[in-house]
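Structure, as structure tokens:
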Amino acid sequence: MNKNPFGDVTERLDKDRYETDIEESHIKVNQEAAAKSNAVDLLIRICPAHVYSKQPDGSINVMYAACLECGTCLAAAPVGVLSWQYPRSGMGIIFRES
Ligand code: SF4
């Protein structure tokens, strides 16, 4: 039985589609600024789509194709760590409700 009156979030997200921009990431990380501010763990914790991960050398990997475009990382990251913009026209997530 589903207790959430708005439905299961995972099932709802499954309806969405992505148009991945294979030529350009809409998220860029200043690795030096990220390392100085210890932003890696913060980004990993706050992103609902698990876009960020830590590489063996401690730098941040960005799986931008999975981004939900919620803007949380841009709001939470220390100044200078992220360069974030919406994907180019026609790219990124396309939300669907039916
Ligand atoms: S905009 Fe949202 S989904 Fe996209 S990388 Fe940032 S926190 Fe994750």
Side-chain angles (χ1 to χ4, degrees):
M1 185 169 107
N2 188 351
K3 295 179 182 173
N4 184 340
F6 301 106
D8 181 82
V9 172
T10 303
E11 286 178 14
R12 291 178 69 189
L13 287 173
D14 276 349
K15 297 174 186 170
D16 299 333
R17 288 193 307 114
Y18 288 89
E19 290 294 335
T20 302
D21 188 342
I22 58 172
E23 295 175 3
E24 187 177 308
S25 170
H26 66 287
I27 304 169
K28 294 181 177 62
V29 176
N30 179 329
Q31 297 287 353
E32 192 177 327
K36 281 183 185 167
S37 61
N38 292 319
V40 183
D41 293 334
L42 170 74
L43 291 171
I44 291 171
R45 247 190 352 264
I46 62 163
C47 177
H50 307 293
V51 165
Y52 300 100
S53 60
K54 190 186 287 187
Q55 306 217 68
D57 66 358
S59 64
I60 303 175
N61 184 49
V62 183
M63 293 288 291
Y64 67 94
C67 179
L68 298 168
E69 300 172 27
C70 67
T72 304
C73 58
L74 184 59
V79 173
V81 170
L82 290 182
S83 169
W84 193 103
Q85 59 188 11
Y86 284 105
R88 295 191 292 176
S89 179
M91 303 291 180
I93 192 165
I94 300 157
F95 292 102
R96 302 267 186 212
E97 273 301 313
S98 59

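Worth knowing before you read on, the calculation uses all heavy atoms, side chains too, and leaves out hydrogens, waters and symmetry mates. Note that the numbering runs from 1 along the sequence shown for the chain.
Between the NE2 atom of His50 and the SG atom of Cys67 there is a distance of 13.0 Å, given to the nearest 0.5 Å. Annotation: the span from His26 atom NE2 to Gln85 atom CD amounts to 8.5 Å, rounded to 0.5 Å. Annotation: the span from Arg88 atom CZ to Glu23 atom CD amounts to 5.0 Å, rounded to 0.5 Å. In this structure, the separation between CD1 on Ile93 and CG on Leu13 is 6.5 Å, given to the nearest 0.5 Å. Distance check: Ile46 CD1 to Tyr52 OH gives 7.5 Å after rounding to the nearest 0.5 Å. We find the CD1-CD1 distance between Ile44 and Ile60 to be 7.0 Å, quoted to the nearest 0.5 Å.
Contact annotation: the side chain of Lys28 never approaches that of Asn30 to less than 4.5 Å [non-hydrogen atoms, C-beta and beyond]. For the pair Asp41/Lys54, a side-chain contact is recorded, criterion being any heavy-atom separation below 4.5 Å from C-beta on. Within the 4.5 Å cutoff, side-chain heavy atoms of Leu82 are placed close to those of Leu43.
Applying the 6.0 Å contact sphere to CD of Glu32 captures no more than 12 heavy atoms from other residues, nucleotides or ligands. Applying the 6.0 Å contact sphere to NZ of Lys15 captures more than 12 heavy atoms from other residues, nucleotides or ligands. No more than 12 heavy atoms of other residues, nucleotides or ligands lie within 6.0 Å of OH in Tyr86, so this atom counts as exposed by the packing criterion.
Panel note: side chain Thr20, backbone Ile22; no donor-acceptor pair is recorded below 3.5 Å. No donor-acceptor pair closer than 3.5 Å links the side chain of Tyr64 to the backbone N or O of Pro87.
Qualifying side chain to side chain donor-acceptor pair (under 3.5 Å) partners for Asp57, counting only residues two or more places apart in sequence or in other chains: Ser59. Judged as a ring-ring contact (aromatic ring centres under 6.0 Å, His included), and not counting sequence neighbours, Phe95 has no contacts.
If you chain together hydrophobic residues whose side chains sit under 4.5 Å apart, Ile27 and Leu74 fall into the same group.
When all heavy atoms are compared, the tightest approach of Ala66 to Val51 is C-CG2, 4.0 Å. Nearest heavy atoms, Ala33 versus Ser37: O-OG, 2.8 Å. Here the closest heavy-atom approach between residue Leu42 and residue Ala76 is recorded as CD2-O, 3.4 Å. The two residues Gly58 and Val40 make their nearest non-hydrogen contact at O-CG2, 3.7 Å.
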